[in-house]
Undergrad: 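Before anything else, here's the structure in question.
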Amino acid sequence: MLSVNDDLFGTTVAAILTLMVYSYLLRDNPLYRLAEHLLVATSVAYALVVATHLILVPRLFEPLADATARPDLLIPLVLGLFLLGKSVPKGARLGNASLGYLVGVGLALATGGALVGTLIPQSIATMLPLLPIGGVSVQDVIVNAILIVGTLTVLFSFLFFAGRSNTLIQEDEVTTPARPPFWRVLGRWFLMVTFGAIFGGMTLTYMALLVGRIDFLLNDWLLPLLGL
Amino acid sequence: MDNSPDRAFCRICGERLPQQTPSLSGAEGGRRLPGEPNGGVQGGLLGLDWLLAGEPPLPDLPEEEEEPPPLAQAAEPSIARVEESTGATPAELTAEKLQKEHSRAVVSSPLLPAWLQGVEVETEVMEPTAPLWDEDLDFSDLPDWPGPEQEGQPAVQQSDVPEWASFEMDDPIQSPEREGTGLLIGVRGPIPIEPVIALMHEAPTFPGRDDVRTNQEAANLFARIAGGAVAPEPVTLPEAPLRGAALFHLLLILFIVLPLIFDSPLFGVPPRMAAVTSFGDTLRALPQSSTILLSFDYEAGMSDELEPAAVATLNHLRKLTEAEGEAGREIQLIVVSTTPQGMALAQIARQKSTWGEENWLDMGFLAGGSIGVREMLTQPFPTQPFATAEEKESTRRQAQVALSNLALIIVVGSDTTVVQRWVEQAGVEAPGMPMMAIAPSVAESTLTPYLASGQLDGLLAGIPSTASYEYHDLGGLVETERLVAWRRIGALTVAALLMLVVILAGNLIGAGVINLSRFRRQSQEEE
């Protein structure tokens with residue numbers, strides 16, 4: 001159990017590391033580099049400890065060492081050892097089977113999940129009423145229309161085929177690209193609006209992180225340190 | 001093969017020179033181009049200085065019946081006149097010419113300065129020497145190029161000239177010159193000179209195409225570097241203006257610090273959003289003795305935005321558990337993480353909340369991403385650190401029992417893909433299971449469709465949603481705890497407004513500067 005002093009000591013270390021990272025705002029300096037290397041080193045070390053103590057030991061080594069060992073665990077052990085061959089050029093072929101197994105299972109799960117969990121439900125969710133009947137208000141109709149038009153035009157804007165819109169027309173001996181159709185332009189505008197919303201959300205996220213760090217420095221470290 | 005000593009030979013290789021003696025006098029006039037004044041092209045063509053010099057002598061063809069125009073006749077070298085008067089062979093005439101006239105040539109050219117006009121130049125006539133390879137090779141079958149017709153050799157007939165080379169043969173006015181060398185010797189003006197082709201042209205740019213000059217410069221630089229002509233040198237980039245950047249950073253920090261010190265939201269109560277309302281309502285609608293699967297799937301770098309929402313959710317659940325009467329719930333929490341740091345962050349969130357260690361079943365780290373999620377929903381396997389085998393087995397049995405009463409899944413994810421993973425895998429393994437998400441602001445726009453489709457029952461996106469949730473759902477419930485998001489919303493609003501102003505002003509100023517520089521460049525080009 002951590003005492004108050006221990007907690008304050010840890011908070012002080014965290015505050016100093018935070019200030020070392022923010023010193024990069026002035027310019028690149030050794031303090032920032034030190035904090036950066038500490039972050040990378042502790043992250044890698046932590047991941048190694050987690051993989052060893054929470055995955056390999058309890059799920060592989062301990063069952064194999066037990067008297068009632070599971071022989072089926074030899075298969076993942078061999079596959080894992082083969083995967084280490086990827087680090088050596090001569091033994092890279094050994095890891096192909098392990099990598100193929102991992103990629104195959106991962107892709108199967110991802111494809112099934114994307115189909116059942118995203119594509120079909122989202123397609124169904126786009127089938128919205130466009131008439132103000134049966135309890136559907138005019139405002140809902142307008143929103144539904146924008147949603148449907150946006151979805152369709154964005155999908156069509158990603159169509160790539162050899163048509164007039166993709167060819168170059170020649171007028172008065174000057175070759176100019178053909179003007180894209182209206183629906184494709186509209187789809188691109190919907191995309192731009194989406195990208196703008198994502199950019200706004202990203203700005204808000206990073207501002208929230210900055211506010212959180214300053215709040216930590218101020219209310220969790222500096223003011224308690226000064227006894228205020 | 002005529003190796004007569006009367007003929008001239010090359011000084012270097014000893015090869016016999018053609019029987020045409022270039023005139024040292026440039027006053028005879030150059031080749032006259034169609035449309036050009038007398039005297040040929042006057043300057044302006046790079047690499048075409050030979051047009052300004054004298055014209056080599058052109059032998060007359062005996063078959064030609066036309067009389068050369070006066071200009072061409074005046075430009076005829078004296079060698080032709082000597083031939084007519086003496087009747088000597090061309091080889092003899094050439095040698096005689098070299099010895100008698102060209103041994104003392106008079107320089108006269110309108111292009112030379114006055115002090116060089118009339119200067120006599122002594123020339124040297126080389127003694128003929130046989131070429132080294134003359135004894136080994138037999139050139140008897142080769143024509144005596146490009147000399148004029150010789151005895152026993154058929155003259156060039158007009159019918160022998162190909163059609164493409166004789167299109168102006170019958171028009172001596174427009175093209176009075178004759179070809180002096182090669183197979184077309186004697187033909188009048190077969191190929192008119194196009195001085196325009198020697199001029200430097202800028203590559204035309206078509207509308208709708210990118211300007212490739214910059215790319216061409218980069219390609220030329222790459223070609224020079226690859227060819228070894230230029231050694232690549234490191235480029236020292238100019239440092240950013242420190243004063244302006246430091247001023248902006250100082251201003252931003254000041255705008256954030258002041259609302260935090262005064263602990264003021266500045267802009268009043270945040271609006272009650274539908275997703276936030278649904279989030280609170282879903283928690284309040286939980287049945288008795290239900291289990292909530294809480295997944296902490298974020299790294300420490302995102303904790304400043306996600307941790308307040310997670311702490312607020314735990315506080316809300318604690319109050320629901322402690323409520324008396326019908327509002328009270330017996331809630332069991334199963335905590336997992338698909339990121340290694342998630343386990344520690346879950347413990348930190350619990351310590352900052354009012355939720356105790358009871359009814360907190362920590363399943364540890366789920367490896368494998370989607371595979372781990374699927375495994376968690378079917379056959380849970382605890383991976384708690386520092387736990388004995390008996391403790392893990394006990395945890396596993398508790399989890400199996402609790403999952404039978406699973407009523408809700410709450411995902412605290414650092415991005416959209418994490419939440420999508422849970423939605424997709426739970427949609428396969430546990431269809432219809434209520435699910436809610438806590439995500440950063442950047443993921444709000446991409447997770448909103450899952451709210452609309454009913455796959456998500458609630459969403460807390462970032463500090464604004466959390467502040468609204470704290471104010472409307474936790475205000476009055478948590479008396480002793482400080483509402484973190486509610487405290488930060490004022491500073492975040494000011495910082496976001498400042499960033500909005502900076503982005504808008506930067507774009508407007510940048511667009512103005514670009515348009516101004518473009519206008520100046522166009523004006524300079526027009527001038």
Side-chain angles (χ1 to χ4, degrees), chain A residues 22 25-27 39 43 46-47 49-51 53-55 58-59 62 66 102 105-106 109-110 112-118 120-126 128 147 168 174-177 194 196-219 223, chain B residues 206-208 239 242 245-246 249 252-253 256-257 260-261 301-305 308 340-341 343 364-365 367 369-371 374 381 383-385 389 392 420-421 423-428 440-446 449-450 452-455 461-464 484 487-488 491-492 495-496 499 503:
Chain A
Y22 279 133
L25 291 175
L26 298 175
R27 62 185 59 195
L39 175 65
S43 299
Y46 183 77
V49 170
V50 167
H53 287 275
L54 300 186
I55 306 298
R59 309 204 65 171
E62 285 182 355
D66 195 2
L102 289 176
V105 174
L109 280 177
L115 190 66
V116 177
T118 298
I120 294 176
Q122 291 301 313
S123 300
I124 294 174
T126 315
L128 299 169
L147 190 63
L168 299 176
V174 176
T175 304
T176 57
T194 305
I198 292 175
F199 177 72
M202 188 174 296
T203 304
L204 205 58
T205 290
Y206 286 109
M207 281 296 111
L209 297 179
L210 177 64
V211 170
R213 281 297 87 192
I214 294 177
D215 186 23
F216 163 75
L217 291 174
L218 195 67
N219 291 317
L223 295 182
Chain B
F206 298 100
E239 292 186 357
L242 187 59
H249 295 151
L252 181 61
I253 292 173
I256 293 173
V257 166
L260 286 176
I261 290 177
M302 298 297 294
S303 61
D304 279 325
E305 190 175 23
Q341 297 181 20
M343 298 181 301
F365 171 55
S370 300
I371 302 172
R374 185 73 72 89
F381 190 97
T383 56
Q384 303 153 297
K392 290 178 182 177
Q420 276 180 333
R421 179 192 304 154
V423 169
E424 292 171 353
Q425 299 306 322
V428 174
S441 299
V442 66
E444 183 176 10
S445 57
T446 49
Y450 291 96
S453 64
Q455 294 173 280
I463 294 296
V484 180
R487 186 177 71 236
R488 294 178 183 175
L492 179 63
M499 289 302 299
I503 291 173

Undergrad: Select one option (side chain, backbone, both, neither) describing which atoms of B:L492 are under 4.5 Å from chain A's heavy atoms.
TA: both
Undergrad: Calculate, to the nearest 0.5 Å, the distance between atoms CE and CD1 belonging to A:M207 and B:I463 respectively.
TA: 13.0 Å
Undergrad: CG of A:L223 to CD1 of B:I261: how many Å apart, nearest 0.5 Å?
TA: 7.5 Å
Undergrad: To the closest 0.5 Å, what do you measure between CG (A:L210) and CD1 (B:I253)?
TA: 7.0 Å
Undergrad: Using heavy-atom distances under 4.5 Å, tell me whether B:I371 contacts chain A through its side chain, its backbone, both, or neither.
TA: both
Undergrad: Give the member of A:A114, A:A197, A:A125, A:P58 that has the highest number of heavy-atom pairs under 4.5 Å with chain B.
TA: A:A114
Undergrad: Heavy-atom distance under 4.5 Å to chain A: side chain of B:R374, backbone, both or neither?
TA: side chain
Undergrad: So, do B:E444 and A:L204 sit near enough that their side-chain heavy atoms are less than 4.5 Å apart?
TA: no
Undergrad: Top residue by heavy-atom pair count (under 4.5 Å) with chain A, among B:A496, B:P449, B:G427?
TA: B:P449
Undergrad: What's the separation between atom OG in B:S441 and atom CG in A:L209, rounded to the nearest 0.5 Å?
TA: 9.0 Å
Undergrad: Does the A:T205 side chain pair with the main chain of B:V442, one donor and one acceptor, at a distance under 3.5 Å?
TA: yes
Undergrad: In terms of heavy-atom proximity below 4.5 Å to chain A, should B:P308 be classed as side chain, backbone, both, or neither?
TA: neither
Undergrad: Who among A:L102, A:I214, A:L217 has the most heavy-atom pairs with chain B under 4.5 Å?
TA: A:I214
Undergrad: Is there a side-chain contact between B:H249 and A:L26, using heavy atoms and a 4.5 Å cut-off?
TA: no
Undergrad: Given heavy-atom pairs under 4.5 angstrom as the criterion, report whether the side chain, backbone, both or neither of A:I55 touches chain B.
TA: side chain
Undergrad: Short question: side chain of A:Y46, backbone of B:P340 - any donor-acceptor pair under 3.5 Å?
TA: yes
Undergrad: With side chains defined as the heavy atoms from C-beta onward, is the minimum distance between B:I503 and A:F199 less than 4.5 Å?
TA: yes
Undergrad: Give the minimum heavy-atom separation between B:L260 and A:V211, together with the two atoms involved.
TA: CD1-O, 4.2 Å
Undergrad: Looking at chain A, which one of B:Q420, B:Q455, B:Q425, B:M499 has the largest number of heavy-atom pairs inside 4.5 Å, strictly under?
TA: B:Q455
Undergrad: Going by side chain to side chain donor-acceptor pair (under 3.5 Å), name the residues that satisfy it together with A:T118, two or more places apart in sequence or in a different chain.
TA: B:E424, B:Y450
Undergrad: Among all residues two or more places apart in sequence or in another chain, which pass the side chain to side chain donor-acceptor pair (under 3.5 Å) test with A:T126?
TA: none
Undergrad: Of the non-hydrogen atoms in B:D304 and A:A208, which two are nearest, and what is the gap between them?
TA: CB-O, 4.5 Å
Undergrad: Crowded around A:F216 CZ? As in, over 12 foreign heavy atoms under 6.0 Å?
TA: yes
